[in-house]
Amino acid sequence: MVTLPAAARLRGRNVLTVTDLGADELTSLLALAQTLKARGREQMTLLRGKTLVMLFEKPSLRTRVSFETGMTQLGGHAIAATGTDFGIGTRETPEDAARVLSRYADAIVYRTHAHAPLVRFASAATVPTINALSEAAHPCQALADLLTIRERFGTLQGLRLAFVGDARNNVAISLAEAAAMCGVSVTFAAPPSHRPSDAFLAKLVKLGAAHGVQARAFTSPVRAVRDVDVVYTDVWTSMGDEQFVERNIAALRPYQVDGELMDAAAKHALFMHCLPAHRGEEVTAGVMDGPRSVVFDQAENRLHAQKALLLALLTDLRGLTE
Ligand code: CP
Ligand code: NVA
């Protein structure tokens with residue numbers, strides 16, 4: 001008898017936030033992604049005849065191309081629409097769009113602005129909906145990030161990660177949740193205006209309770225990165241928030257990740273960024289393009305992590321385990 005991995009329980013489910021996954025399911029997905037990565041660009045037939053519909057209401061390079069490439073490598077097909085092509089919320093409600101798309105597609109990938117319409121969409125869809133980034137969460141990025149950290153250190157349990165900059169944004173939130181679920185302690189370095197709430201910090205500790213995870217926010221970037229294994233940053237202004245650019249630059253300038261800040265972390269510390277990056281703003285070119293940067297591994301791992309996710313949502317995983 002084949003023992004199926006915990007990720008097999010994900011079949012048919014939605015993934016809108018990292019916490020839609022159980023800790024064992026998340027760990028199992030990472031293992032599956034590692035297996036798929038080892039198989040390289042091998043053409044598989046596990047998703048033959050399956051169609052993924054993708055809608056990007058904001059720009060995307062990595063998410064869009066890695067999902068489409070992943071579907072191709074797994075033997076399925078992806079259709080991408082951008083901007084207001086579908087007119088969700090203007091031509092029709094999120095619920096109606098979801099009901100219709102569910103009649104055609106086997107899964108839906110949706111990048112949108114506010115999180116609430118995504119939840120409405122997913123609740124009416126009868127096929128899995130994957131959040132490809134909303135204002136509140138970026139779970140696919142977090143999967144790739146944890147995969148990258150695990151392959152570099154060989155483990156996750158007991159590691160420490162610092163997120164520096166806009167610590168309330170989608171990437172920070174999903175990364176911190178995934179980290180806590182995998183036993184990685186998290187510190188945030190942010191001014192009061194960009195600090196995660198105490199309620200969120202308490203939630204992180206609860207998520208990581210079984211692993212002794214700590215979650216703390218500091219205003220001092222040097223204090224936050226002390227002894228950490230990973231220093232992570234993201235853009236100071238997320239898509240859709242462009243009216244706050246000046247305010248964010250003023251508040252976050254002291255939080256630029258430069259060589260000096262990297263030197264305050266552990267000697268072996270990695271630099272991570274979800275990309276796209278702005279050299280000279282949240283990170284210096286020296287760090288971004290330096291030896292500790294693993295940003296392009298992260299970008300590659302989007303492909304492997306999402307292939308694992310697609311297989312878990314759309315198959316019973318026997319095709320990989322038998
Ligand atoms: N990191 C990420 O999600 O990249 P894109 O916005 O290019 O998809
Ligand atoms: N926080 C960024 C991530 C981009 C991948 C944004 O939402 O624009």
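Just so you know, ligand 1 is whichever comes first in the structure, and atom 1 is the first atom listed for that ligand.
A side-chain donor from one of Gln306 and Ser66 sits under 3.5 Å from a side-chain acceptor of the other.
Contact between Arg111 and ligand 1 is present, with at least one heavy atom of the residue lying under 4.0 Å from the ligand. In this structure, Leu133 has no heavy atom closer than 4.0 Å to ligand 1.
Leu133 has its side chain out of reach of Ser60: every pair of non-hydrogen atoms, C-beta onward, lies at least 4.5 Å apart. Between Leu320 and Leu32, some side-chain heavy-atom pair lies under the 4.5 Å cut-off.
Contacts between Leu275 and ligand 2, counted as non-hydrogen atom pairs separated by less than 4.0 Å, involve the backbone only. Counting heavy atoms closer than 4.0 Å to ligand 1, residue Gln141 contributes side-chain atoms (C-beta onward) but none from N, CA, C or O.
Around CD of Glu92, the count of heavy atoms belonging to other residues, nucleotides or ligands within 6.0 Å exceeds 12. Annotation for Arg253: atom CZ does not count as buried by contact number, only 12 or fewer foreign heavy atoms lying within 6.0 Å.
Protein heavy atom at the shortest distance from atom 3 (C) of ligand 2 is Asp234 OD2, 3.6 Å. His138 NE2, 2.8 Å is the protein heavy atom nearest to atom 3 (O) of ligand 1. The nearest protein atom to atom 4 (O) of ligand 1, hydrogens excluded, is given as Arg62 NE, 2.8 Å; this is a heavy-atom distance. When only non-hydrogen protein atoms are considered, atom 7 (O) of ligand 1 lies nearest to Leu61 N, 2.7 Å. Among all non-hydrogen protein atoms, the one lying nearest atom 2 (C) of ligand 1 is Arg302 NH1, 3.3 Å.
Counting the atoms of ligand 1 from 1 in the order shown, those under 4.0 Å from a heavy atom of Cys274 are 1 (N). Each of the atoms 1 (N), 2 (C), 6 (C), 7 (O), 8 (O) of ligand 2 lies under 4.0 Å from some heavy atom of Ser238. Contact atoms of ligand 2 toward Leu133: 3 (C), 4 (C), 5 (C), 7 (O) (distance under 4.0 Å to a heavy atom of the residue). Set against the non-hydrogen atoms of Val171, the atoms of ligand 2 under 4.0 Å away are 3 (C). Close approach of ligand 1 to Ser60 is summarised as follows: ligand atoms under 4.0 Å from at least one heavy atom of the residue are 5 (P), 6 (O), 7 (O), 8 (O).
Considering backbone and side-chain N/O atoms, Asn170 comes within less than 3.5 Å of an N/O atom of ligand 2. Considering backbone and side-chain atoms together, Pro276 places no N or O closer than 3.5 Å to any N or O of ligand 1. Here's the thing with Arg111: none of its N/O atoms is less than 3.5 angstrom from an N/O atom of ligand 2. For ligand 2, the polar-atom distance check finds an N/O of Met239 within less than 3.5 Å of one of the ligand's N/O atoms. The shortest N or O to N or O distance between Arg64 and ligand 1 is not below 3.5 Å. Looking at Leu275 next to ligand 1, an N or O pair under 3.5 Å apart turns up.
Take Arg223 and apply the salt bridge (Lys or Arg N to Asp or Glu O under 4.0 Å) test, not counting sequence neighbours, and it matches no residue.
Ring to ring, Tyr255 and His194 are not that close: their centroids are 6.0 angstrom or more apart. Aromatic ring centres of Phe218 and Phe188: separated by at least 6.0 Å.
When all heavy atoms are compared, the tightest approach of Val109 to Ala132 is CG1-CB, 3.5 Å. Looking at every heavy atom in both residues, Val257 comes nearest to Met262 through CG1-SD, 3.8 Å.
Note that the CG atom of Asn170 and the OG1 atom of Thr17 stand 13.0 Å from one another [nearest 0.5 Å].
Salt-bridge formation is detected for the pair Glu25/Arg9: a Lys NZ or Arg NE/NH1/NH2 atom is positioned less than 4.0 Å from an Asp or Glu carboxylate oxygen.
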